[in-house]
Amino acid sequence: MNEQVTSILNQSTTKTSKIQQLLTLGLTRRQVADLVTNGNYGFVQNVYKRMLLNGTLGNQPTNDEGIDYTFSRRFGVEIEAYNCDKECLARELREVGISVAVERYNHTTSDHWKLVTDSSLRGNNTFELVSPVLQGENGLRELQKVCWVLEYCDAKVNDSCGLHIHMDAADFTIETWRNLAITYKNLEGVIDSFMPESRRNNRYCKSLSSIQKERIERAETISELRGAFGYDRYVKLNLEAYARHRTVEFRQHSGTVNFTKMENWIRFISNMITFARRGSASRIRLNDIPFISNDQKVYFKLRTKKLAR
């Protein structure tokens, strides 16, 4: 980030151009004013307003807290689906350069994608496709390629399927854990609104509503926080994954083979984690969530309207 900022500041271009680039990079208006205009906040604010009007800030969270939301976190995905023979799917994945193996059900983290069985799924030729550790934008590009193959092979989902995302939690402090749990609990109603009814509370992704906020706030260790969640892995926010994988698992998203849905959810929860390093979000409307971009607000708003039909 610092190298990019220095490069922009050294350009032989206008102040307006530098301001636009720095705001797109994710710097706050105050930071940009100090760097470019000797603290003239009003000048930067006018550029910022024009960028909002023409949509060029659409991919950046609109908060002004100086938080860097660059997506670089390690993550993993578990895609549950049916209607595709595992051997055939593996063959097609290999043809596009994806390393994959067909295996028995297991919880081992591998350096390749693996296709396993899952007895909880309904349909013909059910399977779970589990990724290796992916990272940041390169990981998303690999996931996109996998989704292209899934759609080509006519993989389908039903309400027995889910999409589980593991996010690296090795760098979490107990404060980050508490803030993340409180934020998810406070935003659960908003998140429910852009999830199908089958994913709002079921035996495999239980609600956080029964978890006491006071117990979350009192937790001094991850073990105590897990205790507040009843040491239950089948919660929308699964803390039990930390003991085995040093991750936190997000279990709520509905089954899908659509990359746009996956990408938006992955960016949403990644930004939630980044935000949790500073604090927690209160119960607010979708439009007021500080850690998602304008484009994402539109996307999730349309998802909410579609599911409310």
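These figures come from a predicted structure and were not determined experimentally. Start at 1 with the first residue, then count along the sequence.
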Notebook entry, point to check: Can you hop from Leu163 to Val130 via hydrophobic side chains spaced under 4.5 Å?
Noted result: no
Checklist line | Atom CZ of Arg122 with >12 non-hydrogen neighbours under 6.0 angstrom | finding: yes
Item checked: Leu237 reachable from Tyr231 in the ILVMFWY side-chain graph, under 4.5 Å edges -> no
Checklist line | Asp159/Arg199 salt bridge by N-O under 4.0 Å criterion | finding: no
Checklist line | Distance in Å, Glu224 CD paired with Ile174 CD1, rounded so as to fall on 0.5 Å steps | finding: 7.5 Å
Note to self: According to ring pair (Phe, Tyr, Trp, His ring centres under 6.0 Å), who are the partners of Tyr152, at least two apart in sequence or on a separate chain?
What the structure shows: none
Next item on the list: Determine whether more than 12 heavy atoms belonging to other residues, nucleotides or ligands lie under 6.0 Å from atom CD of Glu151.
Entry: yes
Check: When clusters are formed by joining ILVMFWY residues with side-chain heavy atoms under 4.5 Å apart, either directly or through shared neighbours, do Val96 and Val102 land in the same one?
Finding: yes
Margin query: Please report the interatomic distance CG(Asp85) to CG(Asn125), rounded to the nearest 0.5 Å.
Written below: 5.5 Å
Notebook entry, point to check: In Å, rounded to the nearest 0.5 Å, how long is the span from SG of Cys147 to CE of Met262?
Noted result: 3.5 Å
Margin query: How long is the straight-line distance from CH2 of Trp113 back to CG of Leu93, given to the nearest 0.5 Å?
Written below: 8.0 Å
Note to self: Could you work out, with ring pair (Phe, Tyr, Trp, His ring centres under 6.0 Å) as the rule, every residue matching Tyr299, not counting sequence neighbours?
What the structure shows: none
Next item on the list: Apply the test side-chain hydrogen bond (donor to acceptor under 3.5 Å, both in side chains) to residues Glu128 and His164: give CA-CA distance (whole Å), side-chain angles for both, the deciding distance (0.1 Å), then the verdict.
Entry: CA-CA 10 Å; Glu128 182 176 4; His164 304 156; 4.8 Å; no
Note to self: I'd like to know if Arg178 and Glu217 make a salt bridge, using a cut-off of under 4.0 Å between side-chain N and carboxylate O.
What the structure shows: no
Next item on the list: For residues Val248 and Leu180, determine if any side-chain heavy atom of one lies less than 4.5 Å from a side-chain heavy atom of the other.
Entry: yes
Check: Do the charged groups of Lys297 and Asp295 touch, with an N to O distance under 4.0 Å?
Finding: no
Note to self: Assigning hydrophobic clusters by single linkage (Ile, Leu, Val, Met, Phe, Trp, Tyr; side-chain heavy-atom cutoff under 4.5 Å), is Val133 placed with Val116?
What the structure shows: no
Notebook entry, point to check: How long is the gap from CG on Asn271 to OG1 on Thr274, to the nearest 0.5 Å?
Noted result: 5.5 Å
Check: For the atom pair CD (Gln45) and CZ (Arg29), what is the distance rounded to the nearest 0.5 Å?
Finding: 5.0 Å
Next item on the list: Show your reasoning for whether side-chain hydrogen bond (donor to acceptor under 3.5 Å, both in side chains) applies to Trp265 and Gln296.
Entry: CA-CA 9 Å; Trp265 179 236; Gln296 281 198 305; over 6 Å; no
Note to self: Has Asn10 got a side-chain atom pairing as donor or acceptor with Thr6's backbone, closer than 3.5 angstrom?
What the structure shows: yes
Item checked: Flag side-chain contact, heavy atom, 4.5 Å: Lys213 against Lys185 -> yes
Margin query: Using a strict threshold of under 4.0 Å (side-chain N to carboxylate O), is an ion pair present between Arg246 and Asp171?
Written below: no
Item checked: Salt bridge Glu137-Arg267, side-chain N to carboxylate O under 4.0 Å -> yes
Next item on the list: Would you mind listing every ring pair (Phe, Tyr, Trp, His ring centres under 6.0 Å) that reaches into residues 75-103, with sequence neighbours excluded?
Entry: Phe71-Phe75
Notebook entry, point to check: Any donor and acceptor pair, going by atom type alone, linking the side chain of Gln212 with main-chain N or O of Ala228 inside 3.5 Å?
Noted result: no
Next item on the list: Could you tell me whether Arg94 atom CZ has more than 12 heavy atoms of other residues or ligands within 6.0 Å of it?
Entry: yes
Checklist line | Residues that Asp232 engages under salt bridge (charged side-chain N to carboxylate O under 4.0 Å, His left out), provided they are two or more places apart | finding: Lys206
Next item on the list: Could you tell me which residues satisfy ring pair (Phe, Tyr, Trp, His ring centres under 6.0 Å) with Phe229, sequence neighbours excluded, listed by chain and number?
Entry: none
Next item on the list: Indicate, with yes or no, if Val190 and Leu307 share a hydrophobic cluster defined by side-chain heavy-atom contacts under 4.5 Å among Ile, Leu, Val, Met, Phe, Trp and Tyr.
Entry: no
Note to self: Main chain of Arg285, side chain of Asn287: is a donor-acceptor contact present, judged purely on distance under 3.5 Å?
What the structure shows: no
Note to self: Within a 6.0 Å radius of atom CZ on Arg74, are there more than 12 heavy atoms belonging to other residues, nucleotides or ligands?
What the structure shows: no
Note to self: The test is side-chain hydrogen bond (donor to acceptor under 3.5 Å, both in side chains); show your working for Glu103 and His112 and say whether it passes.
What the structure shows: CA-CA 11 Å; Glu103 302 177 3; His112 57 263; 2.8 Å; yes
Next item on the list: Could you tell me whether the side chain of Thr183 reaches within less than 4.5 Å of the side chain of Ser282, counting heavy atoms only?
Entry: no
Check: In this structure, are over 12 heavy atoms from other groups packed under 6.0 Å from Asn38 atom CG?
Finding: no
Checklist line | Pair Thr176-Thr173, side-chain hydrogen bond (donor to acceptor under 3.5 Å, both in side chains): steps then yes or no | finding: CA-CA 5 Å; Thr176 301; Thr173 64; 3.1 Å; yes
Next item on the list: Report the residues that fulfil ring pair (Phe, Tyr, Trp, His ring centres under 6.0 Å) with Trp177, sequence neighbours left out, ordered by chain and then residue number.
Entry: Phe172, Tyr242
Notebook entry, point to check: Is the centre of the Phe300 ring less than 6.0 Å from the centre of the Phe268 ring?
Noted result: yes
Item checked: Arg277 backbone acceptor or donor facing Asn179 side chain under 3.5 Å -> no
